[in-house]
Amino acid sequence: MSSNAGLNAAQAEAVHTTEGPVLVIAGAGAGKTRVIAHRILEIVNKGVPPEAVLAITFTNKAASEMRERVNGLLGGGTAVPFVSTFHSLGLYILKEHHKLLGFKRTPAIYDRSDSLREVKAALKSLGVEDVEPRSALGTISKQKGQGMDPETYAQGAEIPRDRIVAQVWAMYDKALKKDGAVDFDDLLVTPTRLLRTNKEVREKYQQRWRYIHIDEYQDTNGIQAEMAELLVGPEKNICAVGDVDQTIYGWRGAEIANILSFEKTFPGAKIILLEENYRSTKTILAAANEVIAKNVFRREKNLYTNNADGEQIGLYQAFDETDEAGFIARKIKEGIRDGMQPRDFCILYRANFQSRAIEEQLLHSGVDYQVLGTRFFERKEVKDVLSFVRAAVFNTPADLSRIANVPPRGIGKVTLLKILNGQEEQLTGAVREKVKSLYLLLGKIRMAAEEKIPSEAVKFAVVESGLERELREDKLEGAERLENLRELVSLASRYDAMGPNEGLHAFLENAALQSDQDELKTDNNAVRLMTIHASKGLEFPHVFITGLEEGLFPYERMDGDSNDKEEERRLCYVAITRAQKKVFLTFASYRTIFGSKNSTAPSQFLSDISDALLAWEAPERIGRTIYLD
């Protein structure tokens with residue numbers, strides 16, 4: 001098969017430039033996967049064995065799609081290119097050299113729960129209660145991604161928390177070695193260290209894979225970029241494909257500098273821009289270009305399309321989050337009445353807590369939907385607070401079991417078993433005091449439930465349980481999880497008018513019913529709800545981008561880092577370019593946070609878009625207008 005089939009001029013240039021370093025800047029919807037697949041076909045057509053080609057991407061889904069496309073173009077056969085994720089590639093190298101790396105066998109792989117278990121055990125053995133295990137594990141993971149080792153980290157640890165994390169890391173590392181295991185970060189760190197320090201191994205892989213392709217290069221962290229660089233042989237046949245404007249994973253270690261400094265890393269690199277978009281209308285692309293143009297840390301490009309102009313972007317100013325969600329539900333129902341399918345719609349939000357109001361309105365409207373990610377009432381922190389309240393009010397064993405050691409208070413499984421079996425008299429000393437303290441806490445929450453309005457009772461549980469303090473100290477995920485608890489308090493405030501006891505019972509019933517009815521649909525013909533981060537790489541005919549308010553989107557960060565502000569703008573660019581036909585932008589004049597309705601300011605991103613591209617959506621008319629003669 002010809003490698004030119006259906007390619008535009010820029011795509012064809014990327015496909016035919018097979019020798020030396022190449023950086024392909026591929027805008028959203030510009031056909032980058034097609035380019036990589038056809039480029040591999042071109043290399044094979046020039047006489048290179050398929051097995052001498054390596055292609056790396058980030059997700060199993062992306063790797064599977066690329067593998068199918070490449071193998072389809074090559075027409076099958078036993079000799080095929082090596083297409084994988086970074087982590088799969090790391091495991092492949094580990095398996096081939098496990099003895100050299102000191103493993104008696106192919107190492108076991110710790111998943112996140114295994115890792116968390118060991119971190120918890122380490123913190124417990126150190127007697128540390130004021131460092132959240134997930135936060136500690138997150139720090140260790142991010143440091144590994146930057147190529148840091150526990151010894152070096154320990155030497156640079158200056159503040160108390162860092163010194164504790166350094167100790168935990170050393171103990172965690174010891175546990176991994178004892179089990180002959182690696183975690184997900186080690187799947188990158190260990191083979192990269194081997195490639196760096198062992199010339200023989202490095203040259204073996206450089207000779208095996210003479211042509212290397214890296215997809216989504218802008219998402220690489222320090223260790224991934226180093227692994228790719230070490231695999232490149234003397235001919236420097238590397239093709240990196242990515243887009244600076246879609247770098248949205250800085251919070252988990254992705255380094256935008258990797259793609260910005262590609263020419264420095266690989267002198268003489270050829271830069272090819274893919275600017276023709278095949279996905280969206282001219283209007284959608286114009287809006288996306290206007291938003292991203294203000295960023296400084298980027299390579300200049302301007303997406304264009306030969307598609308139709310398309311409809312103007314809908315702009316809706318809601319009164320509050322309920323009005324916002326109601327507008328979205330109405331628009332989707334209108335679309336379905338006009339012949340569209342639920343799967344044609346996607347609703348994007350900046351933070352998970354925003355989904356609750358939207359889910360409620362879609363449920364009320366009878367619209368099938370699917371949440372990509374954890375549903376609101378199934379989120380751990382939300383379930384924890386509900387369990388605290390239910391355990392206090394109803395003394396339910398399942399809820400008591402869930403929260404007995406949340407946050408960690410030194411009540412282990414054996415102690416919990418004795419509590420649940422009514423054998424508290426067998427407890428002695430410090431353990432008895434810890435259990436007594438737990439019962440005192442539940443007693444306080446029970447009194448609050450009887451005396452306070454629902455929102456105040458739920459807020460009391462959030463604070464008194466210690467969950468608020470725990471989440472404030474979690475620098476990795478704490479802020480967003482705390483937002484979810486604020487949203488839970490906001491939901492409870494709807495029942496305040498019913499009074500303390502009756503209102504709280506109604507709230508708990510509502511939460512239970514929504515959780516039961518809100519099962520994740522297996523039917524694919526459903527409206528999709530997801531964070532903007534989760535939407536990357538996907539596309540939908542109609543997209544709603546919600547919560548465009550200062551402090552929410554762009555999200556207000558504590559450190560005010562300028563790169564963070566640019567990442568928020570990139571996130572907006574990614575959101576807009578998910579749409580094929582129509583974009584709706586929504587914002588609320590008031591949003592309820594932690595039970596209080598606060599006024600908001602429209603997002604700065606809205607003012608970046610030209611008025612000519614926007615069309616205001618009318619609010620739902622209340623009642624009917626009657627004209628009298």
Side-chain angles (χ1 to χ4, degrees), residues 28-29 277 279-294 302-342 344-350 354 357-358 361-362 365 367 527-529 532 535 539-550 552-554 569 571-591 600-622 625:
N277 174 287
R279 176 187 300 156
S280 308
T281 65
K282 287 185 173 71
T283 298
I284 291 169
L285 288 191
N289 285 333
E290 288 181 348
V291 167
I292 201 63
K294 286 193 173 181
N302 200 58
L303 278 184
Y304 71 92
T305 185
N306 289 316
N307 293 339
D309 289 346
E311 297 182 49
Q312 288 175 294
I313 291 170
L315 182 60
Y316 184 72
Q317 180 175 9
F319 175 73
D320 58 12
E321 65 273 12
T322 303
D323 182 20
E324 178 184 54
F327 164 75
I328 293 168
R330 288 196 303 276
K331 277 293 176 183
I332 291 173
K333 289 205 77 171
E334 287 173 13
I336 293 171
R337 282 198 299 268
D338 291 342
M340 298 173 205
Q341 297 296 316
D344 294 335
F345 298 91
C346 177
I347 304 166
L348 301 179
Y349 35 81
R350 178 63 183 84
Q354 293 173 254
I358 300 167
Q361 288 294 322
L362 292 176
S365 301
V367 175
V527 176
R528 302 302 202 277
L529 281 75
I532 301 168
S535 74
E539 58 183 35
F540 303 91
H542 302 265
V543 172
F544 293 85
I545 305 171
T546 65
L548 278 151
E549 300 138 29
E550 287 296 305
L552 181 56
F553 192 26
R569 191 171 288 281
L571 205 53
C572 187
Y573 172 83
V574 166
I576 294 170
T577 54
R578 296 312 92 201
Q580 297 166 315
K581 297 178 179 178
K582 178 77 174 182
V583 172
F584 292 95
L585 307 175
T586 67
F587 65 102
S589 299
Y590 297 89
R591 193 168 293 274
T600 67
S603 170
Q604 59 191 270
F605 300 149
L606 296 175
S607 60
D608 294 334
I609 301 173
S610 301
D611 290 344
L613 300 176
L614 300 170
W616 285 92
E617 297 284 339
E620 183 179 36
R621 189 178 297 280
I622 307 299
T625 302

For Arg591, check salt bridge (Lys or Arg N to Asp or Glu O under 4.0 Å) against everything at least two apart and list the hits.
Glu324, Glu549

Residue pair Tyr316, Asp323: steps toward the side chain to side chain donor-acceptor pair (under 3.5 Å) verdict
CA-CA 10 Å; Tyr316 184 72; Asp323 182 20; 2.9 Å; yes

Using a strict threshold of under 4.0 Å (side-chain N to carboxylate O), is an ion pair present between Asp608 and Arg569?
yes

Under the salt bridge (Lys or Arg N to Asp or Glu O under 4.0 Å) rule, collect the residues that match up with Glu321, sequence neighbours excluded.
none

How long is the straight-line distance from CD1 of Ile609 back to CG of Leu548, given to the nearest 0.5 Å?
8.0 Å

Name all residues meeting the ring-ring contact (aromatic ring centres under 6.0 Å, His included) criterion together with Phe605; count only those two or more places apart in sequence or in a different chain, and write none if there are none.
Phe553

Indicate whether the side chain of Ser589 and that of Gln317 have a donor and an acceptor atom separated by less than 3.5 Å.
yes

Rounding to 0.5 Å, atoms CG (Leu614) and CG (Leu606) come to a distance of 8.0 Å

Check: Ser365 side chain, Val367 main-chain N or O, donor-acceptor pair, under 3.5 Å
no

Could you check whether the rings of Phe587 and Trp616 sit parallel, tilted or perpendicular, using 30° and 60° as the cut-offs?
perpendicular

Inter-residue atom distance Glu617.CD - Lys331.NZ, 0.5 Å rounding
4.0 Å

May I ask you to test the Ser607-Pro602 pair for a side-chain heavy-atom distance under 4.5 Å?
no

Taking Asp344 for its side chain and Met340 for its backbone only, find out whether a donor-acceptor pair lies under 3.5 Å.
no

Tell me if a side-chain donor or acceptor on Lys282 pairs with a main-chain N or O of Gly310 at a distance below 3.5 Å.
no

Name all residues meeting the salt bridge (Lys or Arg N to Asp or Glu O under 4.0 Å) criterion together with Asp309; count only those two or more places apart in sequence or in a different chain, and write none if there are none.
none

Nearest-0.5 Å distance that lies between atom CD1 in Ile332 and atom CD in Gln361
11.0 Å

Check side chain to side chain donor-acceptor pair (under 3.5 Å) between Asp320 and all other residues, then give those that pass, not counting sequence neighbours.
Lys597

Any chance you could lay out the side chain to side chain contact (heavy atoms under 4.5 Å, CB included) test for Glu311 and Thr281, step after step, and finish with the verdict?
CA-CA 8 Å; Glu311 297 182 49; Thr281 65; over 6 Å; no

Per the side-chain contact (heavy atoms from CB on, under 4.5 Å) rule, which among Thr283, Ile284, Leu285 passes with Thr305?
Leu285

I want to check something: taking the side chain as every heavy atom from C-beta on, are Glu550 and Thr600 in contact at a cut-off of under 4.5 Å?
no

Mutual orientation of the aromatic rings belonging to Phe544 and Phe584 [parallel < 30°, tilted 30-60°, perpendicular > 60°]:
parallel

Beyond-backbone contact of Arg528 with Phe540, side-chain heavy atoms, under 4.5 angstrom:
yes

For the CG atom on Asp611, are there more than 12 heavy atoms of other groups (residues, nucleotides or ligands in this structure) within a distance under 6.0 Å?
no

So, taking the atom named CG in Leu315 and the one named OG1 in Thr586, what distance separates them when rounded to the nearest 0.5 Å?
9.0 Å

Thr546 side chain reached by Gln354 side chain, heavy atoms, under 4.5 Å:
yes

Evaluate the criterion side chain to side chain contact (heavy atoms under 4.5 Å, CB included) for residue pair Ile347 and Val527; output intermediate values, then yes/no.
CA-CA 8 Å; Ile347 304 166; Val527 176; 3.8 Å; yes

Mind running side chain to side chain contact (heavy atoms under 4.5 Å, CB included) on Leu362 and Leu529 for me, showing each step along the way?
CA-CA 11 Å; Leu362 292 176; Leu529 281 75; 3.7 Å; yes

For Glu290, the salt bridge (Lys or Arg N to Asp or Glu O under 4.0 Å) test, sequence neighbours excluded, returns none

When you measure from the side chain of Ser280 to the backbone N and O of Gln580, does any donor-acceptor pair fall under 3.5 Å?
no

Could you grab the distance from atom CD1 of Ile313 to atom CD1 of Ile576, nearest 0.5 Å is fine?
6.0 Å

What do the steps show when you test Lys582 against Val543 for side chain to side chain contact (heavy atoms under 4.5 Å, CB included), and what is the final call?
CA-CA 6 Å; Lys582 178 77 174 182; Val543 172; over 6 Å; no

Glu539/Arg279 salt bridge by N-O under 4.0 Å criterion:
yes

